[in-house]
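Scope of the values below: all heavy atoms of this structure, side chains included, with no hydrogens, waters or symmetry mates. It should be emphasised that the depicted structure is a prediction, and the values quoted were computed from it without experimental measurement.
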Amino acid sequence: MTEDARVDDELLTIGAFAARSRLSPKALRLYDRLGLLAPAQVDEVSGYRRYRAGQVERARLVALLRRLDMPLARIAEILDAADGPDGSDGDRAAGLLDAYWATVERRVAGQRTLTGYLRGRLSGRSHEMYENYVVETVDVPELAVLTETRHTLADELPAWIGASLTRLEAAAAECGGVAAAPFVVYHAEVSMESDGPAEACVPVADAAAARAWAAANGRSRQTTVRVEPAGRLAYTRITKAQVAHPQILAAFEAVEQWLAGQGLRQAGPCREIYFTDFAAAGPDDAVCDIAFPVE
């Protein structure tokens, strides 16, 4: 046995191991119960735990991951990946860490936006918040759209939008292709108390083919085809972090304030237009236009 192996096999009391690993005895007992860091030996009579010195590195890794506020279940997943049989799974473990941190950054970016929204509300200076949004107008052509409509509350809305637009885009591929950016129309308020309805829409290149597809395949999701009239939209562009509810409300309110200031009248239900790959976008990437038809 080499000297390094002998050092790694040295048995330490829980107090000595806690000092080396920078974890408290209480934390070590918790991690044992959760299967994250089992002691090398447990005395059957006294219950005293002893750890091998070679476990210190794993213990310190647990401590560092906890400093990221990482849930214990996610830590266990990363440690399992790092403990591959041939030691070659370090890249997978690092990938799991990257995926976790990406979710943290999305959450923090959303919370930062929400904080700004709430600060404006609480201070009575909402107009300053709206000044952060640039509102413009654009003329849009008449479009034939495949649609799904659903009554949904705000917490269920993101999952439904993603699923419905994915289904409709797949259908549009059989109808000449997607002709313009998909969008979601709100025919009534969607919040934690009000369920809309909301309408997912994907413009199609071939309206006749879309009607035939809906007649043959659309009954299960109540997929229909309608014509979205040509007109003018007033819109502001927002990032992925700003899409989350309720901070997205600030963007809708900013456009409404702009319309009032310009003396323009809303000519139809408001909408969200998704012009890029939402799933691939980062928190600060522009992904969506908040738009109102105007006249």
inquiry  = Same cluster or not: Ile14 versus Leu23, using hydrophobic residues (I, L, V, M, F, W, Y) connected whenever any side-chain heavy atoms lie under 4.5 Å apart?
reply    = yes
message = Under a 4.0 Å threshold between the charged nitrogen and the carboxylate oxygen, would Glu228 count as salt-bridged to Arg226?
response = yes
request  = Look at the side chain of Arg237 and the backbone N and O of Tyr235, then say whether any donor-acceptor pair between them is shorter than 3.5 Å.
outcome  = no
key: Value rounded to 0.5 Å, distance of CZ in Arg221 from CG in Leu146   = 14.0 Å
Separation of Glu105 CD from Arg112 CZ (nearest 0.5 Å) = 9.5 Å
message = Under a 3.5 Å distance rule, please check whether Thr152 uses its side chain to pair with a backbone N or O of Asp195 as donor and acceptor.
response = no
ask   = If you round to the nearest 0.5 Å, how far is SG of Cys288 from CD1 of Ile248?
value = 5.5 Å
key: Donor-acceptor pair between Glu272 and Tyr186 side chains, under 3.5 angstrom   = yes
key: Pairwise side-chain contact, Val145 with Val202, heavy-atom cut-off 4.5 Å (strictly under)   = no
inquiry  = Is it the case that over 12 heavy atoms from other parts of the model lie below 6.0 angstrom from the CD atom of Glu174?
reply    = yes
inquiry  = Whether Arg167 and Glu148 form a salt bridge (side-chain N of Lys/Arg under 4.0 Å from carboxylate O of Asp/Glu) is what I want to check.
reply    = yes
request  = Find the distance between CG (Leu79) and CG (Leu37) and round it off to the nearest 0.5 Å.
outcome  = 8.5 Å
request  = Would you mind reporting whether Val178 and Leu168 have side-chain heavy atoms less than 4.5 Å apart?
outcome  = no
ask   = Transitively linked via ILVMFWY side-chain contacts under 4.5 Å: Ile290 with Val190?
value = yes
ask   = In Å, rounded to the nearest 0.5 Å, how long is the span from CG of Asp69 to OH of Tyr100?
value = 5.5 Å
Presence of salt bridge, Lys240 and Asp284, under 4.0 angstrom = no
message = Less than 4.5 Å apart, side chain to side chain, heavy atoms only: is that true for Leu11 and Tyr51?
response = no
key: Pairwise side-chain contact, Trp213 with Val204, heavy-atom cut-off 4.5 Å (strictly under)   = no
request  = Before giving the answer on side chain to side chain donor-acceptor pair (under 3.5 Å), spell out for Gln41 and Tyr48 the whole-Å C-alpha distance, their side-chain angles and the decisive distance to 0.1 Å.
outcome  = CA-CA 8 Å; Gln41 293 181 4; Tyr48 287 162; over 6 Å; no
request  = For atom CD of Glu57, decide whether the heavy atoms of other residues, nucleotides or ligands shown that lie under 6.0 angstrom number more than 12.
outcome  = no
query = Hey, does Arg29 have a side-chain heavy atom less than 4.5 Å from the side chain of Arg49?
reply = yes
ask   = Short question: side chain of Gln266, backbone of Gly268 - any donor-acceptor pair under 3.5 Å?
value = yes
